Novice: 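Here it is, the structure in full.
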Amino acid sequence: MSLTRNAEAAASEAKNSRWLELLARAGFIGYGIVHLLFAWLALQIAFGKSGEEGNQNGALRTLGAQPMGKFLLITIAVGLVAMAIWQALEAAVGHRALRGRDRLLERITSVVRTVVFLWLAWTAVKVFQDASANASDQQEALSAKLMASTGGRWLVALAGLVLAIVGIGMVVYGLKKKFEKNLKTGEMSPKTHTLARRLGMAGYAARGAVFAVAGILVVVAAVKYDPEKARGLDAALRTLRDQPWGPVILALMALGITAFGIYCFLQSRYRKV
């Protein structure tokens, strides 16, 4: 028990590190930039003007091609790693204000965030090295390989179902304004609080909708054995564009993702870290 207590004490001390907090807050700025670029790509896809991937990988590649882009990629990667460490510590010893099922769910969510932040950081490093292949092509190739067997098709379908559920959960999370519990609302002015609420609601709803569509497409790909549909967010955006009123819907989603990017900037100041 003493070893467990010592480990928890060490984790708590690390979680309260001032340097970790500063890097995590900087990470939110990088995360916001990635989503603003993602929104720009989605808008380009809506009107048939983008050859780049419509996902975070495409956003990072777009950033890397700009002046000072390489420096920004590494800066963002460092911030994302700090965010991943912070969320890993939250999963291990955090969310103590909650009890029972609520705390368990928050800790699981922190695990998911840890994986997402690490994946984005790794992608940023690969783009910096000019070694990042097209992520959508990679996902399609992996899906095709898995679909070669019945068990693999079930696995792909399950992954798509989980992605769709996560997307729906994200929409609910935003519309119910559950994100507010993670903000220092007491330090906000009334106008800033209202702005944060509206940006969070629009941002989470838009991101969740895109993830849900991507998940549904993966399930359809598994059922119909069509790996081309299992290309993640890029396929979701392009499929939406090709529907009646698709460009308009996709443009609205791009605005929602833009809202999330701006919300990330607010989180860099007001998020409880």
Side-chain angles (χ1 to χ4, degrees), residues 23-46 50 52-66 69 72-84 86-87 109 112-125 127 132 135-136 163 166-167 169-171 173-175 178-179 182-183 195-214 232-238 240 249-271 273:
L23 287 172
R25 292 194 184 282
F28 274 114
I29 296 175
Y31 200 44
I33 292 172
V34 170
H35 278 84
L36 290 180
L37 289 171
F38 180 23
W40 171 247
L41 291 176
L43 196 60
Q44 294 289 92
I45 289 172
S50 175
E52 186 57 89
E53 289 180 272
N55 52 29
Q56 291 94 334
N57 186 74
L60 288 168
R61 285 157 63 120
T62 300
L63 178 62
Q66 307 308 311
L72 289 173
L73 283 173
I74 291 302
T75 302
I76 287 173
V78 171
L80 288 169
V81 169
M83 292 172 75
W86 160 52
Q87 282 299 305
T109 301
V112 174
R113 288 172 180 155
T114 300
V115 174
V116 170
F117 293 148
L118 284 176
W119 173 76
L120 279 174
W122 174 247
T123 301
V125 171
V127 172
S132 179
S136 299
L163 184 59
V166 168
M170 206 178 292
V171 173
Y173 185 82
L175 295 182
K178 291 186 176 182
F179 54 87
N182 294 319
L183 299 175
L195 177 63
R197 179 185 295 136
R198 290 175 178 174
L199 290 173
M201 290 177 68
Y204 278 107
R207 287 179 76 233
V210 174
F211 275 89
V213 172
L233 300 181
D234 183 66
L237 297 180
R238 296 181 191 277
L240 281 172
I249 294 172
L250 191 50
L252 290 174
M253 283 189 170
L255 290 176
I257 296 168
T258 299
F260 186 82
I262 299 171
Y263 174 70
C264 286
F265 297 153
L266 284 176
Q267 286 193 93
S268 71
R269 167 65 177 83
Y270 294 107
R271 177 68 184 246
V273 177

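Note that the coordinates shown come from a computational prediction; the quantities given were computed from them, not determined experimentally.
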Novice: Once you round to the nearest 0.5 Å, how far does CG of L36 lie from CD1 of I257?
Specialist: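 Those atoms lie 10.5 Å apart.
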Novice: Compare all side-chain heavy atoms of V273 with those of W86 and state whether any distance is below 4.5 angstrom.
Specialist: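 In contact.
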Novice: I want to know whether Y204 and F260 have ring centres closer than 6.0 Å.
Specialist: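 Yes: the rings meet the under 6.0 Å criterion.
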Novice: Can you measure from CD (Q267) to CZ (F179) and round to the nearest 0.5 angstrom?
Specialist: 9.0 Å
Novice: Looking only at non-hydrogen atoms, find the nearest pair between Y173 and N182 and report the distance.
Specialist: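 Between these two residues, the closest heavy atoms are OH-ND2, 3.2 Å.
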Novice: If every non-hydrogen atom of A254 is compared with every non-hydrogen atom of L43, which pair is closest and at what distance?
Specialist: CB-N, 4.0 Å
Novice: May I ask you to check whether F117 and W122 place their ring centres under 6.0 Å from each other?
Specialist: no
Novice: Could you work out, with salt bridge (Lys or Arg N to Asp or Glu O under 4.0 Å) as the rule, every residue matching R197, not counting sequence neighbours?
Specialist: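 Listed in chain order: E180.
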Novice: Atom CE of M170 and atom CG of L175: how far apart are they, to the nearest 0.5 Å?
Specialist: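 One finds 12.5 Å between CE of M170 and CG of L175.
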Novice: Measure the CE-CZ distance between M83 and R271 for me, rounded to the nearest 0.5 Å.
Specialist: 7.5 Å
Novice: Looking only at non-hydrogen atoms, find the nearest pair between A124 and A77 and report the distance.
Specialist: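 In this case the closest contact between A124 and A77 is CB-CB, 4.0 Å.
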Novice: Ignoring hydrogens, what is the shortest heavy-atom contact between V81 and A121? Give both atom names and the distance.
Specialist: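 Here V81 and A121 meet closest at CG2-CB, 3.8 Å.
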Novice: Could you check if a side-chain atom of R269 sits within less than 4.5 angstrom of a side-chain atom of R25, using non-hydrogen atoms only?
Specialist: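 A side-chain contact is absent here, since even the closest heavy-atom pair is not under 4.5 Å.
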Novice: Could you pull out the closest heavy-atom pair between A196 and L183, with the gap in Å?
Specialist: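 For A196 and L183, the tightest heavy-atom pair comes out as CB-CD1, 4.4 Å.
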Novice: Could you tell me the separation between the CG atom of L195 and the CD1 atom of I262, rounded to the nearest 0.5 Å?
Specialist: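 Reported value, rounded in 0.5 Å steps: 8.0 Å.
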Novice: Check whether any side-chain heavy atom of H35 sits under 4.5 Å from a side-chain heavy atom of Y263, and report yes or no.
Specialist: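 In short, these two side chains do not touch, never coming nearer than 4.5 Å.
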Novice: Could you grab the distance from atom CH2 of W40 to atom OG1 of T258, nearest 0.5 Å is fine?
Specialist: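 The OG1 atom of T258 is 10.0 Å from CH2 of W40, to the nearest 0.5 Å.
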Novice: Could you tell me which non-hydrogen atom of L80 sits nearest to which non-hydrogen atom of Y31, and how far apart they are?
Specialist: CD2-CD1, 4.1 Å
